[in-house]
S.K.: 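Here you go, one structure.
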Amino acid sequence: MDKNIVNSFFITTPIYYVNARPHLGHAYTTIVADCMARFNRLMGRDTFFLTGTDEHGEKIVQAAEKNGQDPQTFVDGVSALFQGLLPVLNAANDAFVRTTDSRHKQVVQKILQKVYDSGDIYFGEYGGHYCYGCERFYTEKELEDGLCPQHKTKPEYIAEKNYFFRMSKYQGWLKQYILDNPDFIRPERYKNEVLSLLESGALEDLCISRPKSRLSWGIELPFDRNFVCYVWFDALLNYISALDWPDGEHFKKYWPGAQHLVAKDILKPHAVFWPTMLRAAGLEPYRNLNVHGYWLVRDTKMSKSLGNVVDPLSMIDRYGVDSFRYYLMREMHFGSDASFTEESFITRLNADLANDLGNLMSRVLSMNARYFGSIAPSPKLITEVDQELVNFACESMARFQRLFDGVCFSVALESLWALVRGLNKYVDGAAPWTLYKNGDMDRLSTVMHLLLNALYKIAVHVWPVMPQTAQTMLEQLGMGHLAGAGPKGALGVNLAEELESWNNVRPGTRVAASSALFPRVDAKPKEETARRPAGADKKSAAKVATGAEKGAEKGAEKGAGSRAEKDHSGQTEKGPIAFADFQKLDLRVGTILEASRHPNADKLLCFKIDLGEAAPRQILSGIAQYFAPEELVGRQVVVVANLPPRVIRGLESQGMILTADRADGIELLSVSGPVGAGAAVS
RNA sequence: CGCGGGAUGGAGCAGUAUGGUAGCUCGUCGGGCUCAUAACCCGAAGGCCACAGGUUCAAAUCCUGUUCCCGCAACCA
């Protein structure tokens, strides 16, 4: 199959795991996918845009229980939230797949059976040597003299039989395939990461089942009713089940042009598991895996403490969905991380959208109204300056198209905006107001004709990112008939052909007399300025910034929640408890006698604390990044004294030091005056 | 020596697969214009492209080493 003749385009988002509500990360992935889908439609490619929800697994069962619902009801509810986000983002998907769809289940079972029949799924033992201290399994190799390398204790052998996919078998093939297809995984840094992953460690086989006794909310294995499918063989297959594999028309038409879009946290499943699964099932690999980074959002705690919660998604209500889409596409260099701030959002909105584009549209339409009664004039003599403008426009558009195709959205938009600025410059150079004053109507016609047509070019190119704006522009340019005239609601335009013609807004066309696409936003977000201490010197200001970023890491929003990943939203809701429960806590004040770094862990400090007992207690605490051990000696802290001892990284901890969170760090809980060691807290 | 990413004018980022005058936006300063959303246009200041070696006629770009940041993984009782 010659890839160059493929003229279909199939773009997917990951299916979002329904244990969390939609956030910025989901929104970004969805918007990028939508922009790509729209762009490809305009390029004349037969396009299919798929998104959906991932609905099986243990966490779902738990979450449903907590809500007092059965899993299916729970899942229906959250999935609806994700579906509801699509119109808000103005995402025009062609299908929405759910892993609880019966069609999906059938496909999963069919593929499982197929791979099983071909011998690439086998029944084996899962886990093995389980160390309770580490809460993990060890392989024979990792054990030292049969003991846990951390705790030097004998781990318990836990046998759980499970089914495995013979993934290791395809390691060599995959590596070669990636080398032979340099843009298979892009941007390049992620390709390198996958390659090094394949080179460094031997690829292990993939456990693909869970016994029903432990997990019932999943798809049954067709060859063993006692097991359900675990995570990836279920989730990844949505990409083909939604296309009606194996015989569906959609599958035949779109699979050859398949492109996946994911956040970097699920690189491995998509770059390694998925291609090998496809290979094992006898299917062609997808065409490209496009990997993006995270949006770093300032810690929400920080905003809350200022009484001003800033939810990125609320920007849509505040500033409009098109600005939001533009900001995300323009601000993040695809593949890298970027930070989301209202401040930079407003800067972009004002500079690029209001000042450059909106104002350009406004001044051109307004002049044309004044000079030609809002009728598009006809071109007369094309001068050298005019020709230069046209050439520049064509270069910019061609560059935009090439870059957008290559997933470099921000640079692509930058290129288009070079044209926008070029047009503003052209206006100044041509000075239509002077021409008008001098009665040079021929020249004036030519200039205005070029401007109107250039605006048309901008409008159609901007459509993938800002559909509403593009439509408004086209309507104002008298070209409203193009909106929705293309396949599946796209513009009736072929972008590739736009590079050749230059007479779309025909002389005689009635255009609008004025335009206000993007009103300027003057208000600076208050909390941005309030946050910086006024008299802070450089050093401490830098620290504040670092602290803010630290917090931001926690708030980093991934595009693609996956079941395999840990649930970081550990905020359990705390209902009322009985007073008796509170009384069970043995809280005491202790004096820190010694403090040192844990020899074998980055985040842990090791303390000797006097609780008024015969011997001081050894207590570990994960606060090494906030405090130097020396500065803590002698301090009095509040300790939970009746927790069971626990070994962490090889050292036993006999209690817990209490701390309070702050935006840029933490503080130790202490007492307002000295008390005796071991004083009870009540 | 766990894996990986990064260091480019005040801020945020391109540029690094194919070495050849250091580019963009914001910000600052000066000027211009008046059609426009106090917008637009022009000009200026501001960079030994983290550091040190090496290859080369030529290095932000290639090679080696170093420092500092940041993710992920392991621990946060």
Side-chain angles (χ1 to χ4, degrees), chain A residues 133-136 150 182 188-194 196-197 200-201 264-265 267-268 293-294 296 330-333 335-339 341 343-344 347-348 350-371 408 410-411 413-415 417-418 421 423-437 448 451 514-522 545-546 549-550 552-553 556 565-566 598 600-605 619-625 639-659 666:
Chain A
C134 302
E135 290 180 345
R136 60 163 284 196
Q150 282 296 326
E188 197 180 8
R189 47 164 23 135
Y190 295 108
K191 178 188 86 174
N192 295 338
E193 201 169 324
V194 172
S196 85
L197 200 124
S200 65
K264 63 185 182 182
D265 59 323
L267 173 63
K268 189 174 176 184
Y294 296 156
L296 304 178
R330 176 66 184 79
E331 193 74 5
M332 178 178 269
H333 194 245
S336 318
D337 294 351
S339 15
T341 67
E343 198 177 20
S344 68
T347 302
R348 281 270 170 232
N350 279 338
D352 296 6
L353 298 182
N355 295 351
D356 288 345
L357 179 59
N359 181 52
L360 173 67
M361 187 77 177
S362 168
R363 68 199 298 213
V364 170
L365 288 188
S366 152
M367 284 189 285
N368 197 62
R370 184 170 308 184
Y371 309 144
C408 301
S410 74
V411 193
L413 286 168
E414 197 178 311
S415 171
W417 252 254
R421 297 197 184 89
L423 288 167
N424 273 318
K425 184 173 180 169
Y426 176 79
V427 171
D428 274 44
W433 47 90
T434 307
L435 297 175
Y436 183 68
K437 212 182 287 173
M448 295 312 296
L451 285 169
S514 66
S515 169
L517 297 175
F518 298 97
R520 273 184 66 87
V521 177
D522 283 322
T546 311
E549 269 156 26
K550 279 250 168 64
E553 286 154 32
E565 110 196 20
K566 277 188 197 166
H598 189 295
N600 194 22
D602 294 341
K603 295 187 181 171
L604 292 174
L605 292 183
I619 295 181
L620 302 182
S621 183
I623 58 175
Q625 54 187 321
V639 172
V640 183
N642 60 343
L643 284 168
R646 175 164 158 183
V647 176
I648 306 162
R649 281 306 247 188
L651 290 177
E652 188 176 83
S653 181
Q654 302 157 334
M656 173 175 171
I657 295 175
L658 297 182
T659 62
I666 60 169

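Sequence lines set the chain letters: A, B, ... in the order given, protein chains first and strands last, and positions in each chain run from 1. Here the structure is a predicted model, which means the values were calculated and not measured.
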S.K.: Please give, in whole Å, the distance from U37(B) C1' to Asn424(A) CG?
M.R.: 12 Å

S.K.: With sequence neighbours excluded, what pairs up with Glu193(A) under the side chain to side chain contact (heavy atoms under 4.5 Å, CB included) test?
M.R.: Tyr190(A), Leu267(A)

S.K.: Would you measure the distance from the P atom in G30(B) across to the matching atom in C69(B) and give it in whole Å?
M.R.: 39 Å

S.K.: Please measure how far the C1' atom in A22(B) lies from the corresponding atom in U66(B), and state the result in whole Å.
M.R.: 25 Å

S.K.: Tell me the closest heavy-atom pair linking Met332(A) and Ser410(A), and the distance in Å.
M.R.: O-CB, 3.7 Å

S.K.: Can you tell me if the side-chain N/O atoms of His333(A) get under 4.0 Å from OP1 or OP2 in A14(B)?
M.R.: yes

S.K.: Write down the atom of Phe518(A), the atom of Leu353(A), and the distance for their closest heavy-atom approach.
M.R.: CD1-O, 3.5 Å

S.K.: Please report the distance separating the P of U64(B) from the corresponding atom of A17(B), rounded so that it comes out in whole Å.
M.R.: 15 Å

S.K.: Do the side-chain N or O atoms of Ser336(A) get closer than 4.0 angstrom to the phosphate oxygens (OP1, OP2) of A14(B)?
M.R.: yes

S.K.: Can you see if the side chain of Lys264(A) gets near the phosphate of C72(B) - specifically, an N or O under 4.0 Å from OP1 or OP2?
M.R.: no

S.K.: Output the rounded distance in Å from CD1 (Ile657(A)) to P (A77(B)).
M.R.: 9 Å

S.K.: Taking OP1 and OP2 of U37(B), is either one under 4.0 Å from a side-chain nitrogen or oxygen of Asn355(A)?
M.R.: no

S.K.: Given Watson-Crick or G-U pairs with both distances under 3.5 Å, what dot-bracket string fits RNA chain B, with | for other-strand pairs and [ ] for crossing?
M.R.: .(((((((.[[[[.)....(..]]]].(((((.......))))).....[[[[[..)....]]]]])))))).....

S.K.: Would you mind classifying the nucleic acid contact of Arg330(A) as base, sugar-phosphate or nothing, using non-hydrogen atoms under 4.0 angstrom?
M.R.: nothing

S.K.: Between U25(B) atom C1' and Leu357(A) atom CG, what is the distance in whole Å?
M.R.: 16 Å

S.K.: Distance check needed: U25(B) C1' versus Asp352(A) CG, whole Å only.
M.R.: 7 Å

S.K.: How far, in whole Å, is G27(B) from A45(B) if one measures between their C1' atoms?
M.R.: 13 Å

S.K.: Could you pull out all residues at least two apart from Ser514(A) that satisfy side chain to side chain contact (heavy atoms under 4.5 Å, CB included)?
M.R.: none

S.K.: Indicate every side-chain donor-acceptor pair of residues 354-367 of chain A with a distance under 3.5 Å to a residue at least two apart or in another chain.
M.R.:
from	atom 1	to	atom 2	distance (Å)
Asn355(A)	OD1	Arg520(A)	NH1	2.8
Asn355(A)	ND2	Asn350(A)	O	3.4
Asp356(A)	OD2	Arg421(A)	NE	3.1
Asp356(A)	OD2	Arg421(A)	NH2	3.3
Arg363(A)	NH1	Asn424(A)	OD1	2.8
Arg363(A)	NH2	Asp428(A)	OD1	3.0

S.K.: Mind checking if Phe518(A) touches a base, just sugar-phosphate, or nothing, with heavy atoms under 4.0 Å?
M.R.: base

S.K.: Below 3.5 Å between N/O atoms, which protein atoms pair up with nucleotides 4-7 of chain B? Just atom names and distances, please.
M.R.:
from	atom 1	to	atom 2	distance (Å)
G4(B)	O2'	Glu193(A)	OE1	3.3
G5(B)	O2'	Arg189(A)	NH2	3.0

S.K.: I'd like the C1' distance from C76(B) over to A59(B), given in whole Å.
M.R.: 45 Å

S.K.: May I ask you to say what Ser362(A) touches in the nucleic acid, namely base, sugar-phosphate or nothing, with a heavy-atom cut-off under 4.0 Å?
M.R.: base

S.K.: Expressed as a whole number of Å, how far does the C1' atom of A50(B) sit from that of U8(B)?
M.R.: 10 Å

S.K.: How would you label the contact of Gly358(A) with the nucleic acid (heavy atoms, under 4.0 Å): base, sugar-phosphate, or nothing?
M.R.: base

S.K.: Would you classify Ser514(A) as touching base, sugar-phosphate or nothing, given that sugar-phosphate means primed atoms plus P, OP1 and OP2, and contacts are heavy atoms under 4.0 Å?
M.R.: nothing

S.K.: Taking the same atom, P, in C42(B) and in G23(B), what whole-Å distance lies between them?
M.R.: 16 Å

S.K.: What is the distance from CG of Leu604(A) to P of A77(B), rounded to the nearest Å?
M.R.: 7 Å

S.K.: For RNA chain B, whose closest nucleotide is more 5', that of Leu620(A) or that of Glu331(A)?
M.R.: Glu331(A)

S.K.: Which residues satisfy the ring pair (Phe, Tyr, Trp, His ring centres under 6.0 Å) test with Tyr436(A), sequence neighbours excluded?
M.R.: Tyr371(A)

S.K.: Check the chi torsion on A17(B) and let me know: syn if it falls within 90° of 0, anti if not.
M.R.: syn

S.K.: Can you see which heavy atom on Lys264(A) is nearest to which on Gly293(A), and at what distance?
M.R.: CD-CA, 4.3 Å

